[in-house]
Student: 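Take this structure first; my questions come after.
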Protein chains: 2
Amino acid sequence: MAKSVQKKTKRDAAKSTGVSPMVIRRLPRYFRYLRELIRNGKLRISSGELSEMMHVTASQIRQDLNCFGGFGQQGYGYNVNYLYAKISELLGVGEGYHAIVIGMGNLGKALARNPMFEKRGVDIVGMFDISPAVIGEKVGDGVVLPLSELENFCLDHTVDIAVLTLPKEAIESVVERLIPLGITGLWNFTGKELDHLPPDMLVENVHIGDSLMTLCFEMRCREKGEKQ
Amino acid sequence: MAKSVQKKTKRDAAKSTGVSPMVIRRLPRYFRYLRELIRNGKLRISSGELSEMMHVTASQIRQDLNCFGGFGQQGYGYNVNYLYAKISELLGVGEGYHAIVIGMGNLGKALARNPMFEKRGVDIVGMFDISPAVIGEKVGDGVVLPLSELENFCLDHTVDIAVLTLPKEAIESVVERLIPLGITGLWNFTGKELDHLPPDMLVENVHIGDSLMTLCFEMRCREKGEKQ
DNA sequence: TAGATTGTTAATCGATTAACAATC
DNA sequence: TAGATTGTTAATCGATTAACAATC
């Protein structure tokens, strides 16, 4: 009957950022798999079953989920919808974060048109560039504004996150401007490490190329292995 | 005088994939920082100096680099150019890998136009799609071909890597076709986990959205912290 | 109740850091 | 040579897995 268990354990704490970075990095993956389970109409799942799907140990799943309190039920497993709701909550889906994209080159446009933001409850409310060639262009369901409008725009709208897809040369000056505008999350694709930020400014750096190099490393290892 | 040290240590082994995944994941980061050091004309660097730049411990740097043999020199540090060459070699830069991009939507185009491939020694030799709207279009310095040409193309060219930026519904059938064509590296942006692949097929999955969610998680943690 | 499966503790494993002898 | 800094071993720390009692 799977009544949702709300009991708080001692470790409910996991206060603020007291959760292991390894666990945090795995949360989005749980989110994705749960989303798929829901799409497939699955109502309950055990750590064992999920572990097979995800190719991790059942032990790790139980350990991970327990960092945030008891989401399951002995003898039953996990209620898929309840677990999804809990993890979504942890990840701030439904928090209604508002984002702007700065730099509408190929990558900026690709991201802005990507359904990913919507799926994750992040709303793109504005897009900016300095090039007259793209200003005024419609991308997704918005229009690219001149970067000079940044301040005015942020006075009129709540903006939490800035997606930085501009050339790395321009990033420092833009981040300077973002700080007083109340933006506290930077999703940084420029490849430039951002230093000396205010303590309440969170940054997530993305280096897509690193992933390609990891693949190349493995390909090369295999080749070397074959040659011997 | 920094003569390059070639001595092989016992651990030179690090045979094929015998290197810790954590170390492997850090290699591209060393690559990036060394590239920058070279651009700035720096000729030598100590683990201590590099550790400050990269915000990691000097101990970790020495430990990491030593997985692959002695790249430094006591009392001197590391020769930047030599170290860069060695790490590039490990990562297969200069190996001249050839890649095709399958699925020329926004993301496919953004990647194909990205200087990242060139910087990392990977050459995009072909681009494919099924939509007449993009077939024939010039992207970067190539032209999008119809997916039906895939087999013919791969007979005429050496292709090592396929960049998968097509809709996840189409991926299974495409990967089936890639296997007999000699492609052994998949860079998978579809979000669909690939199972049941031949053992010599390497896959690197990219989930950009996971990084956004990590940022949102942290933002939410901070908010919760502030409220208390 | 009996069976199943969680929550949680304890054991293992791996990764990071500290320390220092080797050596340039 | 003396000073610097690596390579490498040993100590610490954290993360994963195994095991099982709690309990639905």
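Residue numbers begin at 1 in each chain, while the letters A, B, ... track the order of the sequences. What you are looking at is a predicted structure, and each value in this text was computed from that prediction instead of being measured. For the numbers below, each heavy atom of this structure counts, side chains included, while hydrogens, waters and symmetry mates do not.
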Student: Closest approach to the side chain of A/M22, judged atom by atom: which nucleotide of C/dG7, D/dA15, D/dG7 is it?
Tutor: D/dA15
Student: Send over the distance from B/I61 CD1 to D/dT8 P, rounded to a whole Å.
Tutor: 17 Å
Student: What is the distance from CZ of B/R25 to P of C/dT16, rounded to the nearest Å?
Tutor: 9 Å
Student: Reckon B/R62 has a side-chain N or O less than 4.0 Å from the OP1 or OP2 of D/dG7?
Tutor: no
Student: Tell me the interatomic distance from B/Y78, atom OH, to D/dA4, atom C1', rounded to whole angstroms.
Tutor: 13 Å
Student: Side chain of B/N66, heavy atoms from C-beta onward: which of C/dT5, D/dT16, D/dT8 has the nearest atom to it?
Tutor: D/dT8
Student: Of all heavy-atom pairs between A/Y97 and B/E223, which one has the smallest distance, and what is that distance?
Tutor: OH-OE2, 3.1 Å
Student: Is the shortest side-chain N to carboxylate O distance from B/E193 to A/R29 below 4.0 Å?
Tutor: yes
Student: Please pick, from D/dT5, C/dA15, D/dT6, the nucleotide with the shortest atom-to-atom distance to any side-chain atom of B/S20.
Tutor: C/dA15
Student: Who does C/dG3 pair with, Watson-Crick or G-U, both distances under 3.5 Å?
Tutor: D/dC24
Student: For D/dA10, which nucleotide is its Watson-Crick or G-U wobble mate, given both distances must be under 3.5 Å?
Tutor: C/dT17
Student: May I ask you to check if A/R44 and A/Y76 form a cation-pi contact, with NZ or CZ under 6.0 angstrom from the six-membered ring centre and within 45° of the axis?
Tutor: yes
Student: Can you figure out which of D/dT17, C/dT16, D/dC24 approaches the side chain of A/T57 most closely?
Tutor: D/dT17
Student: Quick one: A/D64 CG to C/dT6 P, roughly how many Å, whole number?
Tutor: 13 Å
Student: Establish, with yes or no, whether the OP1 or OP2 oxygen of D/dA18 is under 4.0 angstrom from a side-chain nitrogen or oxygen of A/S59.
Tutor: no
Student: Please pick, from D/dA19, D/dT5, D/dG7, the nucleotide with the shortest atom-to-atom distance to any side-chain atom of B/R44.
Tutor: D/dT5
Student: Choosing from C/dA19, C/dA18, C/dT5, which nucleotide comes nearest the side chain of B/Q63?
Tutor: C/dA18
Student: Taking A/D210 first and then B/R25, would you say they form a salt bridge - that is, a charged N and a carboxylate O separated by under 4.0 Å?
Tutor: no
Student: Measure OH/A/Y76 against C1'/C/dA4 and give the value in whole Å, please.
Tutor: 13 Å
Student: Respond yes when some side-chain nitrogen or oxygen of B/Q73 is under 4.0 Å from OP1 or OP2 of D/dT6, and no when none is.
Tutor: no
Student: Just how far, in rounded Å, is C1' of C/dT6 from CZ of A/F68?
Tutor: 17 Å
Student: Less than 4.0 angstrom between a side-chain N/O of A/R26 and OP1 or OP2 of D/dT16, yes or no?
Tutor: yes
Student: Between B/T184 and A/R222, is there a side-chain donor-acceptor contact under 3.5 Å, judged purely by atom types and distance?
Tutor: yes
Student: Aromatic rings A/F189 and A/W187: how do their planes relate, parallel, tilted or perpendicular, breaks at 30° and 60°?
Tutor: perpendicular
Student: For B/Q60 and D/dT6, give me the distance from atom CD to atom P, rounded to whole Å.
Tutor: 15 Å
Student: Counting side-chain heavy atoms from CB outward, which of D/dC20, D/dT23, C/dC24 is closest to A/Q74?
Tutor: D/dT23
Student: Nearest whole angstrom, please: distance from the P of C/dT17 to the CE of B/M54.
Tutor: 13 Å
